Number of protein chains: 2
Amino acid sequence: MSEKTAIQIDNQVGELLKKNSLSVTGSRKKILQLFLEQPGALAHGDIERKAGEKFDRVTVYRTLQTFVDKGIVHTIPTADNSIRYALCKDECSEGHHHDHHIHFVCSNCNNTYCLDDVVTAEIKLPKGYSAEHVEVVVEGVCKNCN
Amino acid sequence: MSEKTAIQIDNQVGELLKKNSLSVTGSRKKILQLFLEQPGALAHGDIERKAGEKFDRVTVYRTLQTFVDKGIVHTIPTADNSIRYALCKDECSEGHHHDHHIHFVCSNCNNTYCLDDVVTAEIKLPKGYSAEHVEVVVEGVCKNCN
DNA sequence: TTAAAAAAGCAACACTGTTGCAAAAGAAAG
DNA sequence: CTTTCTTTTGCAACAGTGTTGCTTTTTTAA
Ligand SMILES: [Mn+2]
Ligand SMILES: [Mn+2]
Ligand SMILES: [Zn+2]
Ligand SMILES: [Zn+2]
């Protein structure tokens, strides 16, 4: 599959917003575009740098929070304490994320990837503990840097 | 095994500091005590609240950083982007942490535990990716809250 | 086109973490 | 125990991050 065209991305952006009953505004289109035109995850800072000249810092925060609430993006915790955001797959619905994939942070290029196809073995917890959610973050060297 | 006495903890604190060639100071003793007299992990805020009336905020930051550098404590990333700190096992040496255990965050009491005995299966990454470090954080209900 | 609802921008603020520097405390030696 | 040297602490100032209340602007829907 080749690179997506600007038109294709634009259509996808509109669809995504409508599907989630969100009004179509400049900041939402711009930020969603950023996610769609590249494969990895974005830190808040990245987004602010790329969209922030045009939009207020507060708007970026509120837009991302809206996307998380609606199940359009999900957050990825990292060791350096900076939240990353990545697009959810279609199955995520409002207030209920289904992202059970693991995340990979490249120590070289610092990009973060959702590895959707990696299956993780069930974890046997000690007696008395019950799991609700498991978060796996792998740090290493990515495909492009290897 | 019963609860540790104040004397026991005090001895342990002294030993730990000497073993790592750190001078024995009020803040280091106090903060190390906090870790030793309870099983879970501590957020920076916790420590600041419990030790901060006596010590400056900056001192707490610097003390924790020193402990991390020396391999006395290790950090635990969490979904809410607040770093937790927990005591390392004996094998950790300066600049080289060996904590390959998983971490458990209770969604009820909000305590964080190191689960040293849980073994995690090897993760099969896609071609081209190589792992250096794997971080597993399980969220659920802990032994005390179940 | 208009009215109602939602979002954006702005200012102000709280919280977190960092740095430089002077004062205080600790370690080592005599 | 006292002196000297080294390390740590406290303080002040600051940068970065995220939040809130309120007003203006934009979007939506009738
Ligand atoms: Mn993901
Ligand atoms: Mn641990
Ligand atoms: Zn890379
Ligand atoms: Zn609990």
Side-chain angles (χ1 to χ4, degrees), chain A residues 10 13-34 41-70 72-85 94 110 112, chain B residues 10 13-34 41-70 72-85 94 110 112:
Chain A
D10 205 61
V13 164
E15 275 175 39
L16 254 171
L17 290 175
K18 277 183 220 148
K19 197 171 77 181
N20 289 280
S21 18
L22 290 174
S23 39
V24 180
T25 69
S27 69
R28 286 177 183 166
K29 280 195 285 185
K30 176 64 182 173
I31 292 175
L32 220 38
Q33 261 180 43
L34 291 180
L42 295 170
H44 188 281
D46 298 330
I47 298 165
E48 211 178 301
R49 265 185 295 281
K50 288 175 183 168
E53 295 161 18
K54 194 110 182 20
F55 304 103
D56 192 84
R57 236 159 49 80
V58 178
T59 300
V60 176
Y61 279 110
R62 291 200 267 229
T63 302
L64 284 171
Q65 188 53 56
T66 301
F67 287 171
V68 171
D69 290 347
K70 288 286 185 178
I72 299 174
V73 304
H74 61 279
T75 58
I76 306 167
T78 57
D80 69 338
N81 219 21
S82 76
I83 299 180
R84 313 271 173 120
Y85 299 84
E94 186 157 352
N110 207 32
T112 302
Chain B
D10 205 61
V13 163
E15 275 175 41
L16 254 172
L17 290 175
K18 276 183 223 148
K19 196 171 75 181
N20 288 281
S21 19
L22 289 174
S23 40
V24 180
T25 68
S27 69
R28 287 178 182 164
K29 281 195 286 186
K30 175 65 181 175
I31 292 175
L32 221 37
Q33 260 180 44
L34 291 179
L42 295 170
H44 188 280
D46 299 330
I47 298 166
E48 211 178 302
R49 267 184 295 283
K50 288 176 183 166
E53 296 160 18
K54 194 107 182 20
F55 302 102
D56 192 83
R57 237 162 45 81
V58 178
T59 300
V60 176
Y61 279 109
R62 291 200 266 226
T63 302
L64 285 171
Q65 188 53 55
T66 301
F67 287 173
V68 171
D69 290 345
K70 288 287 184 177
I72 299 175
V73 305
H74 62 279
T75 58
I76 305 167
T78 58
D80 70 337
N81 219 22
S82 75
I83 299 181
R84 313 271 174 120
Y85 298 84
E94 185 157 351
N110 207 33
T112 301

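Please read these numbers as outputs of a predicted model, since none were measured by experiment. Here is the naming used below: chain letters follow the sequence lines, and residue numbers restart at 1 for every chain.
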Problem set entry | Atom-pair distance (CZ on B/Arg57; C1' on D/dA12), nearest Å | 12 Å
Exercise. Any side-chain N or O of A/Thr63 under 4.0 Å from OP1/OP2 of C/dA7?
Worked result: no
For this session: Name the nucleic acid region contacted by A/Arg62, choosing base, sugar-phosphate or nothing; use a 4.0 angstrom heavy-atom cut-off, strictly under.
Result: base
For this session: Measure from the side-chain heavy atoms of B/Arg28 and tell me the nearest of C/dA7, D/dT8, D/dT19.
Result: D/dT8
Seminar exercise, completed: Separation of C/dC15 atom P from B/Ile83 atom CD1, nearest Å, is 19 Å
Exercise. Nearest heavy-atom pair of A/Thr78 and B/Pro77: which atoms, and what distance?
Worked result: O-CB, 3.8 Å
For this session: In whole angstrom, give the distance that lies between atom CG of B/Asp56 and atom P of C/dT19.
Result: 15 Å
Exercise. Can you tell me if the side-chain N/O atoms of B/Ser23 get under 4.0 Å from OP1 or OP2 in D/dT8?
Worked result: yes
Problem set entry | Polar side-chain atom of B/Asn20 near backbone of B/Leu22 as donor-acceptor pair, under 3.5 Å | no
Problem set entry | Of A/Tyr61 and B/Thr66, the one whose closest DNA chain D nucleotide lies more 5' | B/Thr66
Problem set entry | Smallest separation among heavy atoms of B/Arg84 and B/Asn110, with atom names | NH1-O, 3.0 Å
Seminar exercise, completed: Testing D/dT8, C/dA8, D/dG10 for proximity to the side chain of B/Thr59, the answer is D/dG10
Seminar exercise, completed: When rounded to whole Å, the CG to C1' distance for the pair A/Leu17 and D/dT27 reads 13 Å
Problem set entry | Contact check, side chains of A/Thr63 and A/Lys30, non-hydrogen atoms, under 4.5 Å | no
For this session: Taking all non-hydrogen atoms of both residues into account, name the closest pair between A/Leu64 and A/Val73 and its distance.
Result: O-CG2, 4.4 Å
Exercise. Looking at D/dC11, D/dG18, D/dT9, which one has an atom nearest to any side-chain atom of B/Ser27?
Worked result: D/dT9
Problem set entry | Interatomic distance, B/Arg84 CZ vs C/dT16 P [rounded to whole Å] | 13 Å
For this session: On DNA chain D, check which nucleotide each of B/Gly26 and B/Val58 is closest to and give me the residue with the more 5' one.
Result: B/Gly26
Exercise. Of B/His44 and B/Val24, whose nearest nucleotide on DNA chain C comes first from the 5' end?
Worked result: B/His44
For this session: Find the distance A/Lys54:NZ to D/dT26:C1' and express it as a whole number of Å.
Result: 12 Å
For this session: Calculate the interatomic distance between A/Lys30 atom NZ and C/dA7 atom C1'; express it in whole Å.
Result: 19 Å
For this session: Quickly work out the A/Glu48 CD to D/dA15 P distance and round it to whole Å.
Result: 16 Å
